[in-house]
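Everything on this sheet refers to the single structure shown next.
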Amino acid sequence: MSMPVLEVKEVRKAFGSEVVLEDISITVPEHTATVLIGASGSGKSTLLRCINLLELVDDGIIKLDGQEITSVDTDPDVVRRKLGMVFQSFNLFPHMKVLENIILAPMRVHGMSRDEATEKALELLNRFGLSEKADQYPDRLSGGQQQRVAIIRSLAVAPRLLLLDEVTSALDPVLVNEVLSTVRELKDHGMTMVLATHEMGFARQVADEVCFLEKGRILEWGTPEKMLENPTNPRTKDFLQRVHEAGRL
Amino acid sequence: MSEDVRRGDGSPNSAPYSFGGEWTPSDFEIQRRADRKKKVRKNAFIAAFSSIFVLGTLMTIIVTSPGWKVLSATFFDWSYGFTILPKILVGFFESNVILTLIASASVAVIGLTLALIRTSRSPALTPFRILATIYVDMFRGIPMLLIILLVGFGIPALQLKGVTNNVFILGIIAVIITYSAYVAEVIRSGILTVHPSQRAAARSLGLSNFQTLRYVVLPQALRRVTPPLLNDLVALIKDTGLVSILGVTDAIRAAQIEASRTFNYTPYVIAACIFLLVTIPLTRYTDRTLRRSIERQNAQGQA
Ligand SMILES: Nc1ncnc2c1ncn2[C@@H]1O[C@H](COP(=O)(O)OP(=O)(O)OP(=O)(O)O)[C@@H](O)[C@H]1O
Ligand SMILES: [Mg+2]
């Protein structure tokens, strides 16, 4: 098998005295999706932010395409050019139209011409059924549409790896599905992804591997079938039970 | 709003999208529109009547009061006012207007620079950050009149070679020094209110620190602080009058010279009217931009 896109080895992160990530190791091969599940505060967002170098790890190593990105002389901007990240909310720049949002990074970071960037952006918008929104400001879009544009925007620079942090948790249930189907389509096209989600049904559909985090540790990991149907760790069972009761399974 | 309500009158460009096809308002709706019109007309009538009544009564009381004759002769002697109007206008355009233009342009640049220094996190800029903070704290805390006196009389007293004694230039410098501190704070507050996720989103796209500031943070920050900045502009226009204390013949000084010659205060009233002619439209405009920016922020989606 070829080299994995992402390797996280024994990563630790603390904020002050609060240890948020401890001994985290995951490997994400090309064209696979790794899903992080776990209760609120378990460290999912922090892990994604560490991969994106928005936070500095306290220990351990993160490798992208075999190259260490956590060394002191890594240029974060260079690493981020290879990554796409979509947050829970506040992704789009409200003072720019949808199209401008999408072409900003291709033009300013990747030196693409405006025409080329626009053409690519329209292609993407078209592919995800949002072409008629190109000239709108983000506040004219529904929450689900905004998140889909955010995902498209992160795709516009052809990332090696896509990081999605609970992209549906700020949305009401009806809008969740359109976003999830966008993600599913990306997965079907071979995009490599790490995503945090509370949607277990969705995790089952897209995940190649599911990692269960609790209090900053990966307590259990495996295929979605194993993790979601026959978890061995009692804490995982407990968590899924609670999710089930909340009606999200 | 009312444009949207009235769509469906059959004309093709009145509706942005026309699902559901033709629509003729029901009798009930037609009746409701007529009622609405009637109500609007009634409200307008009440507003007009009450205004005329209250303002008319006030005017009558003032004009019929025993002191009115002497008051209007000393303050509102329009024919005298008209003869000295050119002098005051010259002072206004040659001093206040020029001062406002030069000062506001410089203040914009200096204030923005100070705000950027204060909000930057680069370790190399630490000494500048400290200096900028001291500067802002100091000049926001000292009355501007004092700064004008200090700069206007203090600097010439030093008798330095090559430093100007021109009170006009010194006055401008004093205004710039003070207002840069105000404006820096306004812009800084704007920068701080841009949601941190916006920065994170921009950095995640690979934008550098500077690009993030340039394309994402500043445009939002400046848009948000436009109303308070316009307020500062109005204040600046008025405060240019303070440099008259240095002997600059601006509108106020010109009026003062006239008034002390004739012991009639109409020149002051004229000067006031000239300032109002500029500041009132600007204040109205500020109100409008404020209302619009609030609307925009309310409309802003979360995702
Ligand atoms: N910048 C920070 N400073 C201090 N503590 C932080 C910071 N960011 C996160 N934390 C803490 O780290 C812990 C993990 O937070 P994180 O956002 O990673 O959780 P999460 O699994 O994403 O939760 P959720 O499902 O609610 O999004 C929390 O206890 C949080 O309080
Ligand atoms: Mg989170």
Side-chain angles (χ1 to χ4, degrees), chain A residues 45 48-49 51-55 75-96 100-102 104-110 132 137-150 153-154 156-157 159 163 165 167-172 175 179, chain B residues 1 3-4 15-19 112 120-124 187 189-227 229 289-303:
Chain A
S45 299
L48 293 174
R49 291 172 66 88
I51 297 171
N52 204 10
L53 304 184
L54 287 169
E55 306 283 357
D75 181 351
D77 290 342
V78 173
V79 174
R80 292 189 193 121
R81 270 173 228 166
K82 298 184 199 157
L83 299 174
M85 176 141 180
V86 181
F87 302 87
Q88 204 164 328
S89 53
F90 292 110
N91 282 292
L92 298 182
F93 306 131
H95 60 295
M96 294 179 182
E100 293 165 336
N101 259 282
I102 299 175
L104 177 68
M107 279 174 62
R108 303 296 169 191
V109 181
H110 298 258
E132 76 275 26
Y137 282 96
D139 60 14
R140 289 298 188 81
L141 270 54
S142 75
Q145 289 166 341
Q146 290 183 31
Q147 284 303 64
R148 283 156 67 205
V149 170
R153 187 179 66 180
S154 69
V157 297
L163 307 171
D165 189 2
V167 289
T168 58
S169 68
L171 305 176
D172 43 281
L175 300 178
V179 177
Chain B
M1 287 308 283
E3 292 307 320
D4 291 341
Y17 33 73
S18 60
F19 55 86
L112 179 61
S120 82
R121 281 182 218 130
S122 143
I187 296 180
S189 72
I191 292 176
L192 293 180
T193 56
V194 174
H195 199 277
S197 298
Q198 288 279 300
R199 211 180 273 264
R203 296 313 297 273
S204 300
L205 287 171
L207 266 69
S208 69
N209 214 342
F210 175 76
Q211 287 176 321
T212 301
L213 200 61
R214 158 93 173 66
Y215 297 111
V216 176
V217 177
L218 266 189
Q220 294 185 57
L222 291 180
R223 219 163 283 213
R224 236 169 261 188
V225 297
T226 303
L229 284 180
T289 55
L290 180 64
R291 212 171 315 124
R292 263 199 313 232
S293 96
I294 288 173
E295 272 164 22
R296 201 167 29 218
Q297 263 170 45
N298 289 347
Q300 203 153 303
Q302 289 265 306

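The chains referred to below are lettered A, B, ... by the order of the sequence lines, with proteins before strands, and numbering in each begins at 1. These values consider heavy atoms only, across backbone and side chains, with no hydrogens, waters or symmetry-generated copies.
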- Item | Portion of Q198(B) that has a non-hydrogen atom of chain A nearer than 4.5 angstrom |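 Both parts, backbone and side chain.
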- Message: Report which part of R223(B) has an atom under 4.5 Å of a heavy atom belonging to chain A: side chain, backbone, both, or neither.
- Response: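 Side chain of R223(B) only, per the 4.5 Å heavy-atom cut-off to chain A.
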State the [atom1]-[atom2] distance between [X] and [Y], to the nearest 0.5 angstrom.
| X | Y | atom1 | atom2 | result |
| --- | --- | --- | --- | --- |
| S197(B) | D165(A) | OG | CG | 10.0 Å |
| L54(A) | R199(B) | CG | CZ | 12.0 Å |
| R153(A) | S204(B) | CZ | OG | 8.5 Å |
| R108(A) | T212(B) | CZ | OG1 | 12.5 Å |

- Minimum-distance pair of heavy atoms, taken over all atoms of Y215(B) and M96(A):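 Heavy atoms only, the tightest pair is O-CE, 3.2 Å.
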- Query: Is there side-chain contact between V109(A) and L205(B), with at least one heavy-atom pair below 4.5 Å?
  - Reply: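 V109(A) vs L205(B): side chains apart.
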- Task: Please state whether the side chain, the backbone, both or neither of F93(A) comes within less than 4.5 Å of a heavy atom of chain B.
- Result: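 For F93(A), the contact with chain B is made by backbone and side chain together.
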- Item | Residue R140(A) versus chain B: region with a heavy atom under 4.5 Å |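 Looking at R140(A), nothing touches chain B.
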- Go through G84(A), A105(A), S154(A) and name the one with the most non-hydrogen pairs under 4.5 angstrom from chain B.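 Looking at each option in turn, the highest pair count goes to A105(A).
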- Are any side-chain N or O atoms of H95(A) and backbone N or O atoms of V217(B), one a donor and one an acceptor, separated by less than 3.5 Å?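 No; zero donor-acceptor contacts below 3.5 Å.
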- Item | Pair D77(A)-N209(B), side-chain contact (heavy atoms from CB on, under 4.5 Å): steps then yes or no | CA-CA 9 Å; D77(A) 290 342; N209(B) 214 342; over 6 Å; no
